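FYI, the numbering just counts along the sequence from 1. This structure is a prediction, so every number in the text was calculated from the model and none was measured.
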Amino acid sequence: LGGISQAELEVLFDVRPVARAPRAAMQKPTRTAAASSAMRLLQCLLAQPELAQQLTMQQEDDSPAAQAIDALVQMLRAENYTVSSAAITQFFQGTQHEKSVTEAQTAMFAWGDSFDVAGEFAGLQNKFAQTTRNERFHLLQTRIAQQGLATLNDSERAEYLQLLRLNQLK
């Protein structure tokens with residue numbers, strides 16, 4: 001049967017071609033930077049719940065992952081940060097946060113053995129702190145430009161000078 005096409009074989013043997021369902025095009029989900037950072041933070045907290053004790057940042061976005069982080073941190077505080085991954089999964093089953101927790105846990109399977117959870121967590125904390133400093137610096141700069149330096153009190157002036165020095169070091 002070599003050299004005979006599929007169409008010729010179907011005609012010779014009176015076989016109807018099997019209809020194939022058209023494939024849907026794969027689309028990557030769109031994510032904001034905040035959602036991506038929130039999801040990575042959720043992954044870190046699921047991998048090492050005790051890191052929640054060191055959490056200094058407050059989520060400013062309202063993404064599902066950020067909401068799941070808030071709920072997870074509340075749960076971990078209530079349990080003194082000693083909860084297993086299985087207990088966390090069970091706790092969030094049937095809640096509005098189940099999907100975010102499941103997505104985060106699924107994404108964690110791609111981590112290699114050498115993945116540094118504590119390092120990733122520290123990096124996210126540093127990134128958040130830098131973003132907060134930049135926002136505060138720009139807020140103070142805008143205020144000075146619009147209203148003048150005299151409108152800042154002593155602590156705001158000291159903060160502005162410190163932020164100015166940090167920005168010059170970049």
Shortest non-hydrogen contact between [X] and [Y], atoms and distance:
X	Y	value
V83	P49	O-CG, 3.6 Å
F92	E98	O-CB, 3.2 Å
V73	A52	CG2-CB, 4.4 Å
S85	Q105	OG-NE2, 3.7 Å
A87	M75	O-CE, 4.3 Å
Q43	A107	NE2-CB, 3.0 Å

How would you list, by chain and number, every residue that makes a side chain to side chain donor-acceptor pair (under 3.5 Å) with T131, sequence neighbours excluded?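 Side chain to side chain donor-acceptor pair (under 3.5 Å) check on T131 returns nothing, list empty.
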Would you indicate whether the side-chain heavy atoms of [Y] and [X] approach each other to under 4.5 Å?
X	Y	result
R133	R136	no
L46	T89	no
F91	L72	no
S37	K127	yes
L42	S100	yes

Compile the donor-acceptor pairs under 3.5 Å between side chains in residues 142-154 and protein atoms, sequence neighbours left out, one pair per line.
from	atom 1	to	atom 2	distance (Å)
T142	OG1	H138	O	2.8
R143	NH1	E156	OE1	3.4
R143	NH1	E156	OE2	2.8
R143	NH2	T151	O	2.9
R143	NH2	E156	OE1	3.1
T151	OG1	G148	O	2.8
N153	OD1	S155	N	3.1
N153	OD1	S155	OG	2.9
N153	OD1	E156	N	2.8
D154	OD1	R157	NH1	3.3

When the ring planes of F137 and Y160 are compared, do they come out parallel, tilted or perpendicular, using 30° and 60° as the limits?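 F137 and Y160: parallel rings.
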First locate atom [atom1] of [X], then atom [atom2] of [Y], and finally report the distance between them rounded to the nearest 0.5 Å.
X	Y	atom1	atom2	answer
E103	M39	CD	CE	5.0 Å
L41	L124	CG	CG	6.0 Å
R77	L55	CZ	CG	7.5 Å
Q93	T102	CD	OG1	8.0 Å
L164	L140	CG	CG	10.5 Å
Y81	Q53	OH	CD	5.5 Å

Around atom CD of Q90, are there more than 12 heavy atoms from other residues, nucleotides or ligands closer than 6.0 Å?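 Check fails, neighbour count at 12 or below.
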Has Q48 got a side-chain atom pairing as donor or acceptor with V117's backbone, closer than 3.5 angstrom?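 Absent.
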Pairwise side-chain hydrogen bond (donor to acceptor under 3.5 Å, both in side chains) hits with a residue in residues 107-123, at least two apart: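 Only R40-E120 qualify under side-chain hydrogen bond (donor to acceptor under 3.5 Å, both in side chains).
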Are L161 and L139 connected into the same hydrophobic cluster when the rule is that any two of I, L, V, M, F, W, Y join if their side-chain heavy atoms are below 4.5 Å apart?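 In one cluster with L139: L161, no.
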Q130 and N134: side-chain donor and acceptor closer than 3.5 Å?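 Yes, a side-chain donor-acceptor pair sits under 3.5 Å.
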